Amino acid sequence: MDSVIRRLHRKELPIDTVELARYLIGKTLIHDLPVERLMGRIVETEAYPVGDPSGHAFRGPTKGNRSLYLARGHAYVHLAYGTSYLLNISSELDGIGAGVLLRALEPLDGITLMVRHRRTRRVLDLARGPGRLASAMGIDKRYDGADLCAGGPLRLGREVRESGPIGRSERIGITRAADRMLRFYERGNPFVSGRQRLRS
DNA sequence: TTGGCGATTGGCT
DNA sequence: GCCAATCGCCAAT
């Protein structure tokens, strides 16, 4: 059934970090593993545009953030606090550093394998939060730099269901430029992270 | 070469 | 709600 999900082509992605963050709500993230296909519906994102002091490309290109400078649609995988991998999608033209953080998925397929990747059986908690999302989807540093528009095992797909109303808020867990409204989410979706005010 | 610092999570109070 | 775990990155020494 999921094989009908058409992948997203780079040309379809908006060439703007904030627009891309909004655009990705309702789209799918697919990871084909030998055993099983993992798939989820993107329900929460955050934009880290050019010039944002919280963005990992803020101080210019380094060895660690180079994936953010790839053409929009490439993965930038970062290890946070030594414990959690976070998946970003590069969001501008080749050579410009910016990204969109994927913060939560509504699991659609491969849930039994996601449960094994995580330490919970609660479907609601499988991919609610950026570290949980990466863990459930089997994403780690090996995918840093992967092209998510190229039809490889990890890729973006078209929506299976149109997004409901999209909410907008400040971003979670940062201190610099914390008041900017750069977080997007499907309103009322129970798979969105954060407290009630940030989900409604 | 080093130390301070996170785009988090899960467990405990 | 608070806090420790844990480690790669990078600016400064």
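Values in this document were obtained by computation on a predicted structure and should not be read as measured data. Only this structure's heavy atoms are used, side chains among them; waters, hydrogens and symmetry mates stay out. Letters A, B, ... mirror the listed sequences (proteins, then strands); counts begin at 1.
Proximity of A:V115 to A:T120: side-chain heavy atoms (C-beta onward) are nowhere separated by under 4.5 Å. Using a 4.5 Å cut-off on side-chain heavy atoms (C-beta onward), A:L154 and A:I30 make no contact. With contacts defined as side-chain heavy-atom distances shorter than 4.5 Å, the pair A:H74/A:I89 does not qualify.
Of the residues in residues 128-137 of chain A, those lying under 4.0 Å from DNA chain B by heavy-atom distance are A:G129, A:P130, A:G131, A:R132. DNA chain C is contacted by A:G82, A:T83 of residues 82-100 of chain A, taking any non-hydrogen atom closer than 4.0 Å.
Base contact: A:L101 has a heavy atom under 4.0 Å from a base atom. A:H56 comes within 4.0 angstrom of a nucleotide base, judged by non-hydrogen atoms across all strands. Among the atoms of the strands shown, none is found under 4.0 Å from any heavy atom of A:R171.
A continuous path of Ile, Leu, Val, Met, Phe, Trp and Tyr side chains, each step under 4.5 Å between heavy atoms, connects A:L124 with A:L29, placing both in one hydrophobic cluster.
Qualifying side-chain hydrogen bond (donor to acceptor under 3.5 Å, both in side chains) partners for A:R119, counting only residues two or more places apart in sequence or in other chains: none. Partners of A:E12 by salt bridge (charged side-chain N to carboxylate O under 4.0 Å, His left out), not counting sequence neighbours, listed by chain and number: A:R6.
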N/O contacts under 3.5 Å, protein versus nucleotides 9-13 of chain C?
unit_1, atom_1, unit_2, atom_2, d
C:dC10, OP1, A:T62, OG1, 2.1
C:dC10, OP2, A:G64, N, 3.4

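Side-chain polar atoms of A:E19 and A:S91 form no donor-acceptor pair below 3.5 angstrom.
In this structure, A:D109 does not pair ionically with A:R37, as no charged nitrogen and carboxylate oxygen lie closer than 4.0 Å.
In terms of position on DNA chain B, the residue among A:R119 and A:L68 whose nearest nucleotide sits closer to the 5' end is A:L68.
Of all nucleotides in DNA chain B having an atom under 4.0 Å from a heavy atom of chain A, the first and last in 5' to 3' order are B:dG6 to B:dG10.
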Distance-only criterion, 3.5 Å: show the donor-acceptor pairs between side-chain atoms of residues 95-108 of chain A and protein atoms not counting sequence neighbours.
unit_1, atom_1, unit_2, atom_2, d
A:R103, NE, A:E44, OE2, 2.9
A:R103, NH2, A:S193, OG, 3.3
A:E106, OE1, A:R41, NH1, 3.0
A:E106, OE1, A:R161, NH2, 3.2
A:E106, OE1, A:N189, ND2, 3.0
A:E106, OE2, A:R161, NH1, 3.4

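Hydrophobic cluster of A:I172: the remaining members, joined at side-chain heavy-atom separations below 4.5 Å, are A:L198, listed by chain and number.
The stretch residues 56-81 of chain A participates, sequence neighbours left out, in no salt bridge (Lys or Arg N to Asp or Glu O under 4.0 Å) pair at all. Contacts classified as salt bridge (Lys or Arg N to Asp or Glu O under 4.0 Å) and involving residues 137-153 of chain A (residues at least two apart or in different chains) are given here: A:R10-A:D147, A:D140-A:R142. For residues 164-175 of chain A, the set of pairs meeting the salt bridge (Lys or Arg N to Asp or Glu O under 4.0 Å) definition, not counting sequence neighbours, comprises A:D52-A:R171, A:E170-A:R197.
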For DNA chain B, the dot-bracket pattern of Watson-Crick and G-U pairs whose distances stay under 3.5 Å, | for other-strand partners: ||||||.|||||.
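Distance alone, capped at 3.5 Å, places no donor-acceptor pair between the A:R155 side chain and the A:G151 backbone.
At least one cation-pi condition fails for A:R187 and A:Y185: the charged atom is not both under 6.0 angstrom from the six-membered ring centre and inside a 45 degree cone around its axis.
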